[in-house]
Amino acid sequence: MKKTLAGQNDNLTGMLLVAAPQLAETVFAQSVIYLCAHSPEDGAMGLIINRRLAQPGLDDLFAQLGIEPNPPERRIAVCMGGPVDHSHGFVLHSTDWTGEGSLGVNEQATLTASLDVLRDLASGQGPKQALMALGHAAWGPGQLEEEILRDSSWYVVPASDEIVFGLDHAKKWRKALAAINIDPLLLSGAVGEA
């Protein structure tokens with residue numbers, strides 16, 4: 001019998017990946033990743049949503065990009081989205097706004113890579129909920145499935161607005177684990193131990 005990922009044709013788009021203890025010594029330690037795209041044939045792409053960046057700040061980014069007004073009328077979190085291509089930014093946001101360069105992830109979220117969404121946010125408009133990520137995480141075909149099923153490196157958790165767009169980034173990992181009834185205090189940091 002084939003072991004499946006989510007029971008939904010193995011497509012994890014719109015789900016959260018929560019780092020297991022064996023990733024403690026990696027760039028993904030205690031990460032919560034929102035999967036923006038996934039298929040076993042094409043691979044996966046996601047954004048770390050719980051690593052807020054101190055630098056560059058939102059004002060610094062807007063100044064570099066020439067976005068006015070600066071300081072913006074609305075503030076959003078800027079996260080380290082992952083280890084791939086830190087020079088490229090994405091805005092993950094609620095579906096109440098779309099524009100050029102927007103990709104609908106699912107009924108709850110949209111991913112936009114154009115400056116239009118940042119201009120609207122700066123002027124106090126734009127989507128109700130949003131966060132910006134610099135860089136992203138990516139997996140080749142079959143790689144993520146192997147990390148989940150064989151290596152047990154990730155827990156798959158349903159996404160919620162509270163976790164994805166919540167402002168307390170330090171608690172997102174614990175909240176995501178709690179959503180699947182796992183107490184992080186009971187997790188072992190060593191592979192193979194209970």
Side-chain angles (χ1 to χ4, degrees), residues 11-19 27-28 30-39 42-139 144 157-173 175-176 179:
N11 186 330
L12 301 179
T13 300
M15 300 291 280
L16 298 176
L17 293 180
V18 182
V27 68
F28 294 113
Q30 293 191 353
S31 288
V32 178
I33 298 176
Y34 183 84
L35 279 176
C36 301
H38 171 260
S39 78
D42 298 324
M45 179 270 189
L47 303 174
I48 298 174
I49 60 167
N50 67 326
R51 292 268 165 73
R52 189 158 187 170
L53 289 175
Q55 293 296 323
L58 188 63
D59 295 357
D60 298 330
L61 282 171
F62 280 13
Q64 290 173 16
L65 298 170
I67 295 176
E68 297 290 335
N70 196 0
E73 292 182 27
R74 279 189 61 201
R75 305 204 71 76
I76 61 171
V78 179
C79 296
M80 189 278 283
V84 180
D85 196 8
H86 293 129
S87 64
H88 195 105
F90 298 93
V91 178
L92 181 65
H93 57 85
S94 51
T95 59
D96 54 340
W97 186 98
T98 58
E100 188 175 325
S102 292
L103 170 70
V105 175
N106 56 23
E107 304 81 39
Q108 289 82 34
T110 299
L111 186 67
T112 300
S114 74
L115 296 179
D116 295 340
V117 67
L118 294 177
R119 288 186 186 105
D120 278 1
L121 287 164
S123 67
Q125 305 300 310
K128 180 179 175 186
Q129 297 175 304
L131 66 83
M132 183 174 188
L134 298 179
H136 65 280
W139 294 264
L144 180 58
V157 177
S160 70
D161 286 350
E162 178 187 1
I163 295 172
V164 175
F165 298 112
L167 300 178
D168 192 348
H169 291 21
K171 292 185 180 176
K172 287 184 179 187
W173 184 72
K175 283 183 179 183

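Only heavy atoms go into these numbers, but all of them, side chains included; no hydrogens, no water, no symmetry mates. Predicted model only: the values in this text are computed from it and were never measured.
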S.K.: Decide yes or no for Leu103 and Phe90: does some side-chain heavy atom of the first lie under 4.5 Å from some side-chain heavy atom of the second?
M.R.: no

S.K.: Of all residues at least two apart in sequence or in a different chain, which pass the side-chain contact (heavy atoms from CB on, under 4.5 Å) check with Gln129?
M.R.: Ser94, Asp161, Phe165

S.K.: What closest approach, in Å, do Ser102 and Thr110 show between heavy atoms, and which atom pair accounts for it?
M.R.: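 Looks like CB-CG2, 3.8 Å.
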
S.K.: For the atom pair CD1 (Ile67) and OG (Ser123), what is the distance rounded to the nearest 0.5 Å?
M.R.: 10.5 Å

S.K.: What is the distance from atom CD of Glu68 to atom CZ of Arg119, rounded to the nearest 0.5 Å?
M.R.: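 With rounding to 0.5 Å, CD (Glu68) is 11.0 Å from CZ (Arg119).
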
S.K.: Atom CG of residue position Leu167 - does it have more than 12 heavy atoms of other residues, nucleotides or ligands inside 6.0 Å?
M.R.: no

S.K.: Locate the shortest heavy-atom distance separating Gly89 from Met132; write the atom from each residue and the value.
M.R.: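 So the two residues come closest at CA-CE, 4.4 Å.
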
S.K.: First locate atom NZ of Lys172, then atom CD1 of Ile49, and finally report the distance between them rounded to the nearest 0.5 Å.
M.R.: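 Between Lys172 NZ and Ile49 CD1, I get 4.5 Å after rounding to 0.5 Å.
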
S.K.: What are the two closest non-hydrogen atoms of Asn106 and Thr95, and how far apart are they?
M.R.: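 Minimum heavy-atom separation between Asn106 and Thr95: O-CG2, 3.7 Å.
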
S.K.: Rounded to the nearest 0.5 Å, how far does CG of Asp116 lie from OG1 of Thr98?
M.R.: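 Interatomic distance, Thr98 OG1 to Asp116 CG, rounded to 0.5 Å: 10.5 Å.
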
S.K.: Decide yes or no for His93 and Ile76: does some side-chain heavy atom of the first lie under 4.5 Å from some side-chain heavy atom of the second?
M.R.: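 SC-SC contact between His93 and Ile76 ruled out.
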
S.K.: Between Thr112 and Leu118, is there a side-chain heavy-atom distance shorter than 4.5 Å?
M.R.: no

S.K.: Check Ala179 against Val157 and note the closest heavy-atom contact, atom names and distance.
M.R.: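 Minimum heavy-atom separation between Ala179 and Val157: CB-CG1, 3.9 Å.
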
S.K.: Please round to the nearest 0.5 Å and tell me the distance separating atom CD of Gln108 and atom CG of Leu92.
M.R.: 11.0 Å

S.K.: Might you confirm whether atom CD of Glu162 has over 12 heavy atoms from other residues, nucleotides or ligands at distances under 6.0 Å?
M.R.: no

S.K.: Does Leu17 reach the side chain of Leu144, with side-chain heavy atoms less than 4.5 Å apart?
M.R.: yes

S.K.: Aromatic rings Phe28 and Trp139: how do their planes relate, parallel, tilted or perpendicular, breaks at 30° and 60°?
M.R.: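 If you compare the ring of Phe28 with that of Trp139, the planes turn out parallel.
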
S.K.: Below 4.5 Å, heavy atoms only, C-beta onward: do Pro127 and Val117 meet side chain to side chain?
M.R.: yes

S.K.: Pairs in or reaching into residues 72-90: which pass side chain to side chain donor-acceptor pair (under 3.5 Å), with residues at least two apart or in two chains?
M.R.: Asp59-Arg75, Asp85-Ser87

S.K.: Nearest heavy-atom pair of Thr13 and Cys36: which atoms, and what distance?
M.R.: CG2-O, 3.5 Å

S.K.: Testing the basics here: between Glu100 and Ser114, what is the closest heavy-atom pair and its distance to 0.1 Å?
M.R.: O-OG, 2.8 Å

S.K.: Kindly determine whether Val27 and Ile48 satisfy side chain to side chain contact (heavy atoms under 4.5 Å, CB included), including the steps that lead there.
M.R.: CA-CA 11 Å; Val27 68; Ile48 298 174; 5.8 Å; no

S.K.: Could you measure the distance from the CD atom of Gln55 to the CG atom of Leu61? Nearest 0.5 Å is fine.
M.R.: 9.5 Å

